[in-house]
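We're numbering straight along the sequence, starting at 1. Whatever order the structure lists them in is the order used to number ligands and atoms, beginning at 1. On a predicted model such as this, the values are computed, not experimentally measured, just so you know.
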Amino acid sequence: MTLQFPMLVDGAWVPSSDDRWINSHEPGTGEVWAQIPAATEGDVDRAVMAAHRAMRSGPWSEMTASARGEALVRLSELVSGHASVLAEAETRDTGKLIRETTGSVDYVPAFYRYYGGLADKIQGHTLPSDKPGMEIFTYREPVGVVAAIVPWNSPQMLLAVKLAPALAAGNAVVIKPSEHGSIPILEFGKLVEQAGIPRGVVNIVTGRGDPVGNVLTRHRLVSRIAFTGGPDTARTIVRNSAENFASVSLELGGKSPQIVFADANLDSALNGIVGGIFGASGQSCVAGSRLYVQREIYDDFIARLIDRTEQIRLGSPLDPDSEMGPLATREQLGRFDLYVGSTPAEGGRVLTGGGRPVEPAMGWFVEPTILETHAKGIRAQEDEIFGPVLAVTTFNDQADAVEKANATQYGLAAGVWTSAVERAHQMIRALSAGIVWVNTYRATSPVAPFGGLRDSGGGRESGADAVYDYTSVKTAWINSSDEVVADPFKVQ
Ligand code: TXE
């Protein structure tokens with residue numbers, strides 16, 4: 001009998017109102033392992049109404065900021081206490097390696113703790129009034145019902161960067177997880193009530209983008225949409241937000257360059273490149289999928305990179321010794337085939353990988369792949385594939401590296417490997433990306449803003465300022481003078 005995971009609406013664990021279910025596959029085997037509710041329009045509406053009610057009346061609306069902060073800290077402790085269940089659910093549902101989900105779930109509590117600590121530091125201002133007798137000050141109020149739309153590639157972490165600041169600021173939230181990664185979010189949802197977060201404050205509605213995501217992002221009572229996912233969905237969401245004028249933050253992935261200078265510590269660079277593209281099977285928004293290596297070290301460095309890549313241990317995502325797991329969906333397999341397959345005709349060359357491995361024979365596995373892309377116009381070098389595919393080429397000098405790295409519509413992240421401190425600073429300024437890592441890659445922290453430019457989206461998650469995105473400013477005026485205004489028609 002297939003496991004069924006109900007969803008969370010107004011404090012109750014429920015099936016969809018018409019009792020329809022969606023199969024969830026286990027990418028490590030390709031088999032169905034569980035089912036999630038296919039929420040209806042009515043279910044989404046009930047979740048939004050519950051969130052709206054929880055904001056306007058009841059215990060959450062009356063809770064002090066300090067008490068909200070304490071609830072978030074309790075939530076962080078509960079996540080730590082249930083880390084192994086949460087990591088295993090994420091691994092089974094998304095195919096992400098258990099060593100990766102364990103690492104990521106171990107770090108999720110830090111986000112709830114960080115924003116728990118910030119909850120009672122969200123302050124308005126007393127303004128230096130330019131009008132005698134008139135006092136002016138501001139409040140930071142919760143923005144309203146937040147729609148948190150989460151993809152499958154790192155569900156619990158990408159939820160934490162939305163949910164933690166939203167709750168810290170006193171909002172109520174409706175979460176729409178990806179249909180390919182709902183179960184870890186549903187498991188996490190069980191901890192919300194235990195943390196003392198009242199009924200209706202956190203709701204989880206599952207199902208496909210249409211209707212669930214569409215109805216949610218158009219709903220008149222939604223005031224903010226926090227989205228991580230693909231650019232086509234982002235366009236739909238921005239159009240939907242014309243219905244409710246919700247503010248929108250978008251985190252959409254990229255085609256991030258890694259640049260290796262001849263003066264770099266090449267052992268560190270090698271690890272950073274391998275982890276940057278083959279970690280999470282390349283299904284990471286910050287995947288370092290374009291590699292530029294300085295011409296004089298190119299041949300040697302690429303030979304070492306191929307050697308290390310060919311040693312990557314593919315295996316079951318549940319096996320702690322596996323280094324690379326499967327792709328998360330069958331559609332992702334199709335993308336891999338399309339881009340790798342078209343590369344030779346476009347002037348590129350497969351240096352290693354490019355196909356399916358002999359082992360494991362089951363599941364949605366592909367080989368870690370390196371493509372040489374010296375020619376212009378190779379699509380695998382330009383588009384986000386979201387798989388373990390690295391496009392490599394050379395550069396001559398610093399100016400050439402900057403020009404090549406910046407020749408993209410994306411702008412999420414960039415990696416620079418150099419031992420020259422002045423070069424590091426120059427590159428940080430010259431690279432057109434929201435995040436630049438020097439001599440490291442993929443590092444994240446609750447304290448550090450995260451987000452991109454252009455086709456990588458807009459807005460920043462994490463960091464102290466992100467909490468203000470979940471507030472609206474109310475300005476208050478008090479006339480404390482006893483004088484009666486003589487002319488009612490003159491603006492004061
Ligand atoms: O994303 P979708 P997909 C990129 C990556 C990948 C591509 C497509 O290149 O190959 O996007 O992935 C919900 N209204 N990234 O198809 O569809 C959906 O149900 C509201 C980058 O999985 O954008 C899911 O919860 N919501 C990335 C979420 O949007 C809608 C992470 C993301 O799914 C909706 C994932 C709608 N109309 C993919 N339609 C990153 N930045 O890390 C779908 N959704």
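Outside the 6.0 Å centre-distance limit, the rings of Tyr441 and Phe278 are not counted as a close aromatic pair. For Trp437 and Phe450, the distance between ring centers is not under 6.0 angstrom.
For Asp455 (side chain) and Gly411 (main-chain N/O), no donor-acceptor pair under 3.5 Å exists by modelled atom type. Side chain of Thr343 to backbone of Tyr339: a donor-acceptor contact under 3.5 angstrom is found. A donor-acceptor pair is defined here as one N or O able to donate and one able to accept, closer than 3.5 Å; no such pair exists between the side chain of Trp364 and the backbone of Gly28. In terms of modelled atom types and a separation under 3.5 Å, the side chain of Lys176 and the main chain of Gly207 share a donor-acceptor contact.
Residue Asn153 has at least one heavy-atom neighbour below 4.0 Å for each of these atoms of ligand 1: 31 (C), 42 (O). If you number the atoms of ligand 1 from 1 as listed, the ones under 4.0 Å from a heavy atom of Ser178 come out as 24 (C), 25 (O). The contact set between ligand 1 and Arg335, taken as ligand atoms under 4.0 Å from a residue heavy atom, comprises 10 (O). Residue Phe227 approaches ligand 1 through these ligand atoms, each under 4.0 Å from one of its heavy atoms: 23 (O), 28 (C), 29 (O). Close contacts of ligand 1 with Gly253, meaning ligand atoms under 4.0 Å from a residue heavy atom, involve 41 (N). Interface atoms of ligand 1 facing Pro177, defined by a heavy-atom separation under 4.0 Å, are 25 (O). Contact atoms of ligand 1 toward Pro151: 31 (C), 35 (C) (distance under 4.0 Å to a heavy atom of the residue). Shown in contact with Cys285 at under 4.0 Å from a heavy atom are these atoms of ligand 1, numbered in order with element: 40 (C), 41 (N), 42 (O).
Ranking protein heavy atoms by distance to atom 26 (N) of ligand 1, first place goes to Gly213 CA, 3.6 Å. Of the protein's non-hydrogen atoms, Asn214 OD1, 3.1 Å is the one closest to atom 37 (N) of ligand 1. Among all protein heavy atoms, the one lying closest to atom 22 (O) of ligand 1 is Trp152 NE1, 2.7 Å. Considering only non-hydrogen protein atoms, atom 36 (C) of ligand 1 sits nearest to Gly209 O, 3.7 Å. In this structure, atom 21 (C) of ligand 1 lies nearest to the protein heavy atom Gly229 O, 3.4 Å.
For CD of Glu41, the number of neighbouring non-hydrogen atoms (other residues, nucleotides, ligands) closer than 6.0 Å is 12 at most. By the 6.0 Å contact criterion, CD on Gln4 is enclosed, its count of non-hydrogen atoms from other residues, nucleotides or ligands being greater than 12.
Ring orientation note: the planes of Trp152 and Phe386 are nearly perpendicular, at an angle over 60° on the 30°/60° scale.
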Steps toward salt bridge (Lys or Arg N to Asp or Glu O under 4.0 Å) verdict (Glu359, Arg313)
CA-CA 10 Å; Glu359 282 294 328; Arg313 274 194 306 275; over 6 Å; no
Please evaluate residues Trp417 and Gln258 with respect to the criterion side-chain hydrogen bond (donor to acceptor under 3.5 Å, both in side chains), reporting the C-alpha separation (whole Å), side-chain torsions for both, the decisive distance (0.1 Å), and the verdict.
CA-CA 8 Å; Trp417 299 87; Gln258 291 244 51; 2.8 Å; yes
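Side-chain polar atoms of His374 and Thr393 form a donor-acceptor pair below 3.5 angstrom. Defined by atom type and a distance below 3.5 Å, a donor-acceptor pair is present between the side-chain atoms of Thr40 and Ser17. Asn23 and Gln35 share a donor-acceptor pair across their side chains, judged by distance under 3.5 Å alone. Counting only N and O atoms by type, the side chains of Lys255 and Ser456 include no donor and acceptor under 3.5 Å apart. Looking at His219 and Asp45, their side chains do bring a donor and an acceptor atom within 3.5 Å of each other.
Of the protein's heavy atoms, none falls inside 4.0 Å of atom 8 (C) of ligand 1. At a distance under 4.0 Å, a protein heavy atom can be found next to atom 11 (O) of ligand 1. Within a 4.0 Å radius of atom 42 (O) of ligand 1, the protein contributes at least one heavy atom.
Polar contact with ligand 1: present for Glu384 (N/O pair, distance under 3.5 Å). Considering both main-chain and side-chain atoms, Asp210 never comes within under 3.5 Å of ligand 1 through any nitrogen or oxygen pair. Ligand 1 has no N or O atom lying under 3.5 Å from any N or O atom of Ser284, backbone or side chain. Residue Glu251 places at least one N or O, backbone or side chain, under 3.5 Å from an N or O of ligand 1.
Of all the heavy atoms of Lys176, the ones lying under 4.0 Å from any atom of ligand 1 are found in both the backbone and the side chain. Of all the heavy atoms of Thr236, the ones lying under 4.0 Å from any atom of ligand 1 belong exclusively to the side chain. Counting heavy atoms closer than 4.0 Å to ligand 1, residue Ile149 contributes side-chain atoms (C-beta onward) but none from N, CA, C or O. In Val150, the part holding a heavy atom less than 4.0 Å from any atom of ligand 1 is the backbone. The proximity of His180 to ligand 1, defined as any non-hydrogen pair under 4.0 Å, does not occur for either the backbone or the side chain. When heavy-atom distances to ligand 1 are checked against a 4.0 Å cut-off, Ile237 comes that close only through its side chain, counted from C-beta outward.
Under a cutoff of 6.0 Å and an axis angle of 45°, Arg224 and Tyr470 form a cation-pi pair.
When the heavy-atom distances from atom 1 (O) of ligand 1 to Ala234, Ala280, Gly230 are ranked, the shortest goes to Gly230. With Asp232, Thr233, Leu158 as candidates, the residue nearest to atom 44 (N) of ligand 1 on a non-hydrogen basis is Thr233.
Ligand 1 lies less than 4.0 angstrom from a heavy atom belonging to Gln332.
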